[in-house]
Number of protein chains: 2
Amino acid sequence: MVNSIHATLDRTFSALADPTRRALLARLGEQDGLSVSELARPISMSLPAVMKHLDVLSDAGLITRTKTGRTVSCRLRAAPMEEAMRWLAHYQKFWSGSLDRLATLLEK
Amino acid sequence: MVNSIHATLDRTFSALADPTRRALLARLGEQDGLSVSELARPISMSLPAVMKHLDVLSDAGLITRTKTGRTVSCRLRAAPMEEAMRWLAHYQKFWSGSLDRLATLLEK
DNA sequence: TATAGAGTTAACCATAAAGTTAACGGTATT
DNA sequence: AATACCGTTAACTTTATGGTTAACTCTATA
C-alpha cells in the first residue's frame with residue numbers, strides 16, 4: 001500500500017499548515033471554480049509562488065484543476081479533510097463539552 | 001494580537017503533519033503522563049530527534065512537560081486541536097452525509 | 001564517591017519548503 | 001501578424017525541517 005493513511009494525513013495536515021493555502025481553500029469554499037489568476041489577485045505574492053501553493057493543494061487532493069482554453073479553473077475537493085477530521089475526532093473527548101460529545105456519538 | 005488564529009492553526013496543523021508526532025500524541029491519548037524515554041523507546045530514532053518532536057508539540061501547545069526528579073512526564077493538551085477541528089468543520093458540507101451535518105448543527 | 005540513568009544542548013548535515021525573477025508556450029484579440 | 005493575456009517552467013536564494021553524533025548536566029543509587 002503505497003499511499004498509506006499516514007502519508008495521506010501527512011500531506012493533508014501539511015497542506016493546511018500554511019495560511020495562504022487555507023485562504024485559497026476558503027475562497028474556493030465561497031466561490032468554486034475560480035481561475036488561477038483570480039485566486040492569485042488578492043494575494044500579495046508572485047504568481048509562481050501562488051502556483052506552488054496550488055501544486056501543494058493539488059498533490060494533497062484538496063483541489064482539482066481543469067484547463068479550458070487558456071484559463072485553468074480550480075475546484076475544491078474537501079474529501080481528504082474528512083480523514084483529518086476523523087483523526088482529530090479521536091481526541092475530542094480530551095477537550096470537548098457535552099454537546100460536542102453528543103455530536104461525536106451521532107457520527108458513529 | 002501577536003498570536004493570531006492563523007499562527008495558531010499554522011503551528012497546530014504543522015505539528016500534526018508528521019507521523020512520529022501523531023504517534024506520540026496517540027500514545028499519550030492511550031496513556032497520559034509518559035516520560036520522555038518511555039515515549040522514545042518504541043520509536044526507532046535517536047533520543048534528541050524525539051526531543052525535537054516533543055519541542056514542536058510543546059510549542060504548538062499540544063503537550064506539557066513537567067519535571068520531577070530526573071524524569072519528565074508529558075501530558076496531552078488537546079485544546080489546540082479544537083480550533084483545527086472547527087476550521088475543518090466549515091468544509092464538512094462539501095463532503096459529508098446527513099448524519100455528519102446533523103452533528104455539525106448540534107455543535108452550534 | 002563513583003557510576004549509571006534521564007534529559008538536554010550543541011554542532012553539524014541533507015533535504016525540503018517558500019519565495020523571488022526571468023524566460024517561455026499556448027490562446028485570444030485586434 | 002502582432003500583441004496581450006493566462007499560466008507554467010527554470011534557476012536561484014534563503015530559511016526551516018528532520019535527522020545524526022558527541023558532549024554535557026543533573027539526579028539517583030551502589
Side-chain angles (χ1 to χ4, degrees), chain A residues 3-4 6-28 31-75, chain B residues 3-4 6-28 31-75:
Chain A
N3 266 4
S4 69
H6 294 297
T8 303
L9 282 177
D10 286 0
R11 274 194 298 271
T12 304
F13 280 131
S14 171
L16 297 181
D18 182 281
T20 302
R21 288 193 290 265
R22 287 198 305 275
L24 288 167
L25 293 173
R27 284 203 57 218
L28 291 175
Q31 188 179 356
D32 211 8
L34 290 169
S35 73
V36 169
S37 38
E38 282 169 336
L39 283 168
R41 191 162 308 125
I43 298 178
S44 61
M45 198 179 285
S46 70
L47 196 56
V50 175
M51 286 275 310
K52 285 194 189 179
H53 284 301
L54 293 176
D55 288 345
V56 172
L57 291 173
S58 198
D59 289 349
L62 289 165
I63 63 167
T64 57
R65 287 178 286 194
T66 53
K67 183 171 217 159
T68 47
R70 64 180 170 183
T71 82
V72 169
S73 87
C74 302
R75 279 171 325 186
Chain B
N3 268 3
S4 70
H6 294 297
T8 303
L9 282 176
D10 287 1
R11 275 194 298 272
T12 306
F13 280 131
S14 171
L16 298 181
D18 183 281
T20 302
R21 289 194 289 267
R22 287 198 305 276
L24 288 167
L25 293 173
R27 284 204 56 217
L28 291 175
Q31 187 178 358
D32 211 9
L34 290 170
S35 73
V36 170
S37 38
E38 282 169 336
L39 283 168
R41 192 162 308 126
I43 299 178
S44 61
M45 198 179 285
S46 70
L47 197 55
V50 175
M51 286 276 310
K52 285 192 189 179
H53 284 301
L54 293 175
D55 289 345
V56 172
L57 291 172
S58 199
D59 289 349
L62 289 165
I63 64 168
T64 58
R65 288 178 287 194
T66 54
K67 183 170 218 160
T68 47
R70 65 182 169 180
T71 81
V72 170
S73 86
C74 301
R75 279 170 326 187

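Keep in mind that what you see is a predicted model, and the values were worked out from it rather than measured.
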Any Met45(B) side-chain heavy atom under 4.5 Å of His53(B) side chain: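 In short, these two side chains touch, coming nearer than 4.5 Å.
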Arg22(A) side chain to His6(B) backbone, donor-acceptor under 3.5 Å: yes
Separation of [N] [atom2] from [X] [atom1] (nearest whole Å):
| X | N | atom1 | atom2 | answer |
| --- | --- | --- | --- | --- |
| Ile43(B) | dG18(D) | CD1 | C1' | 13 Å |
| Lys52(A) | dG19(C) | NZ | C1' | 7 Å |
| Arg11(A) | dA16(C) | CZ | P | 14 Å |
| Leu54(B) | dT17(D) | CG | P | 16 Å |
| Glu38(B) | dA6(C) | CD | C1' | 11 Å |
| Asp55(A) | dA16(C) | CG | P | 16 Å |
| Asp59(B) | dT17(D) | CG | P | 10 Å |
| Arg41(B) | dG7(C) | CZ | C1' | 13 Å |

Sole residue of Ile43(B), Ile63(B), Asp18(B) in side-chain contact (heavy atoms from CB on, under 4.5 Å) with Leu24(B):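 Considering Ile43(B), Ile63(B), Asp18(B), a side-chain contact (heavy atoms from CB on, under 4.5 Å) with Leu24(B) is found only for Ile43(B).
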Donor-acceptor pair present, Arg70(A) side chain and dC5(D) base, under 3.5 Å: yes
Residue whose nearest DNA chain C nucleotide is more 5′ - Thr68(A) or Ser73(B):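 It is Ser73(B) whose nearest nucleotide is closer to the 5' end.
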Residue whose closest nucleotide on DNA chain C lies nearer the 5' end, Asp18(A) versus Leu47(B): Leu47(B)
Give one of base, sugar-phosphate or nothing for [X], where a contact means two heavy atoms less than 4.0 Å apart.
| X | result |
| --- | --- |
| Thr20(B) | nothing |
| Ser46(A) | base |
| Arg21(B) | sugar-phosphate |

N or O in side chain of Ser37(B) less than 4.0 angstrom from dG7(C) OP1/OP2: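 True: Ser37(B) side-chain N/O within range (under 4.0 Å) of dG7(C) OP1/OP2.
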From C-beta outward on [X], which listed nucleotide comes closest to its side chain: [options]?
| X | options | answer |
| --- | --- | --- |
| His53(A) | dG19(D), dA10(C), dG19(C) | dG19(C) |
| Thr71(A) | dC6(D), dT8(C), dA6(C) | dC6(D) |
| Met45(B) | dG19(D), dG19(C), dG7(D) | dG19(D) |
| Pro48(A) | dG7(C), dT8(C), dT21(C) | dT21(C) |

Closest non-hydrogen atom pair between Cys74(B) and Leu54(B), with its separation: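 The answer is SG-CD1, 4.5 Å.
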Salt bridge Arg65(A)-Asp55(A), side-chain N to carboxylate O under 4.0 Å: yes
